[in-house]
Amino acid sequence: MTKITFFKRNGVYYGFRETGHSGYADAGEDIVCAALSAMTMLIVNTVEVSYASDVEYTIDEDTADVTVKVPAVFDLSEENESKRFAISGLIQGYFIQLMDMLEDYYDYLSVEETEQ
């Protein structure tokens, strides 16, 4: 099972951590793992390229554990306000998508939020 924990502060999403293998299928055939990987890299690339913001992320190739945090969400300068909301909304969108996926893949995913 893959566990995804979303990080929030004062209700604002700023990152997530994914641990474990889904176990849906063998490596290379696992559609749950493929979906998670694609959505994770979409977020990383969108934050870095489209929003031109720094994103802190680590990917452990051995365990497939991934941690993504975006410090720009807490940049309170006025000129970055819309960027902060867009980035947080992007991460929240990932959370919502995973909640939808839980309906069909509840044996392979665990999704939660934590205030940090």
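Residue numbers run from 1 in the order of the sequence given. Side-chain atoms are counted along with the backbone in the values below, which use heavy atoms only and exclude waters and symmetry mates. Please read these numbers as outputs of a predicted model, since none were measured by experiment.
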Check your understanding: Roughly how far apart are Ser110 OG and Leu102 CG, rounded to 0.5 Å?
Key -> 7.5 Å

Review point. Is there a donor-acceptor pair under 3.5 Å between the side chain of Thr2 and the backbone N or O of Ser22?
Key: yes

Review point. Side chain to side chain contact (heavy atoms under 4.5 Å, CB included) between Lys8 and Gln116: does it pass, once the steps are laid out?
Key: CA-CA 6 Å; Lys8 292 175 19 179; Gln116 294 188 343; over 6 Å; no

Study note, to complete from the structure: Residue set satisfying side-chain hydrogen bond (donor to acceptor under 3.5 Å, both in side chains) with Thr46, at least two apart, ordered chain then number -> none

Review point. Is the closest side-chain heavy-atom distance between Thr63 and Thr19 below 4.5 Å?
Key: no

Check your understanding: If you draw a 6.0 Å radius around CG in Asn10, do more than 12 non-hydrogen atoms from other residues or ligands fall strictly inside?
Key -> no

Check your understanding: Can you get from Leu42 to Val44 by hopping between Ile, Leu, Val, Met, Phe, Trp and Tyr side chains that sit under 4.5 Å apart?
Key -> no

Exercise for review: Check whether any side-chain N or O of Thr5 sits under 3.5 Å from a backbone N or O of Glu112 as a donor-acceptor pair, and report yes or no.
Suggested key: no

Check your understanding: Is Thr114 close to Phe7 at the side-chain level, that is, under 4.5 Å between some pair of heavy atoms?
Key -> yes

Check your understanding: Is the backbone N or O of Tyr51 less than 3.5 Å from a side-chain atom of Ser53, with the two atoms forming a donor-acceptor pair by type?
Key -> yes

Check your understanding: Got more than 12 heavy atoms from elsewhere within 6.0 Å of CD, Glu29?
Key -> no

Check your understanding: Are the aromatic ring centres of Tyr94 and Phe16 under 6.0 angstrom apart?
Key -> yes

Practice item. Say whether Met1 and Met101 are linked into one hydrophobic cluster, either directly or through other cluster members, by side-chain heavy-atom distances under 4.5 angstrom. Key: no

Review point. Can you tell me how far the CG atom of Leu90 sits from the CZ atom of Phe85, to the nearest 0.5 Å?
Key: 15.0 Å

Point to revise | Spacing of CG belonging to Leu36 relative to OH belonging to Tyr105, to within rounding of 0.5 Å | key: 11.0 Å

Point to revise | Summary of salt bridge (charged side-chain N to carboxylate O under 4.0 Å, His left out) pairs that have at least one residue in residues 43-70, sequence neighbours excluded | key: Arg17-Asp65

Practice item. Apply the test side chain to side chain contact (heavy atoms under 4.5 Å, CB included) to residues Glu113 and Tyr13: give CA-CA distance (whole Å), side-chain angles for both, the deciding distance (0.1 Å), then the verdict. Key: CA-CA 9 Å; Glu113 302 169 290; Tyr13 290 84; 2.3 Å; yes

Point to revise | ILVMFWY network linking Ile96 to Ile91, side-chain heavy atoms under 4.5 angstrom | key: yes

Review point. Is a donor on one side and an acceptor on the other found under 3.5 Å between the side chain of Asp30 and the backbone of Asp26?
Key: no

Study note, to complete from the structure: Value for CD (Glu18) from CD1 (Ile59), rounded to nearest 0.5 Å, stands at 9.0 Å

Check your understanding: Are Ile31 and Leu98 in one and the same hydrophobic cluster, where Ile, Leu, Val, Met, Phe, Trp and Tyr link if side-chain heavy atoms are under 4.5 Å apart?
Key -> yes

**Study point:** Heavy-atom neighbours of Phe95 CZ exceed 12 at 6.0 Å
**Key:** yes

Check your understanding: Are Val66 and Met41 connected in a single hydrophobic cluster, I mean Ile/Leu/Val/Met/Phe/Trp/Tyr linked by side-chain heavy atoms less than 4.5 Å apart?
Key -> yes

**Study point:** Geometric cation-pi criterion, Arg84 with Phe74: 6.0 Å, 45°
**Key:** no

Practice item. Taking side-chain contact (heavy atoms from CB on, under 4.5 Å) as the test, write out the residues that go with Val12, two or more places apart. Key: Val73, Ser88

Check your understanding: CG of Asp75 to CD of Glu81: how many Å apart, nearest 0.5 Å?
Key -> 11.0 Å

Practice item. For Met99 and Val111, run side chain to side chain contact (heavy atoms under 4.5 Å, CB included): C-alpha distance rounded to whole Å, both residues' side-chain angles, the deciding distance at 0.1 Å, then the answer. Key: CA-CA 7 Å; Met99 295 305 290; Val111 181; 3.8 Å; yes

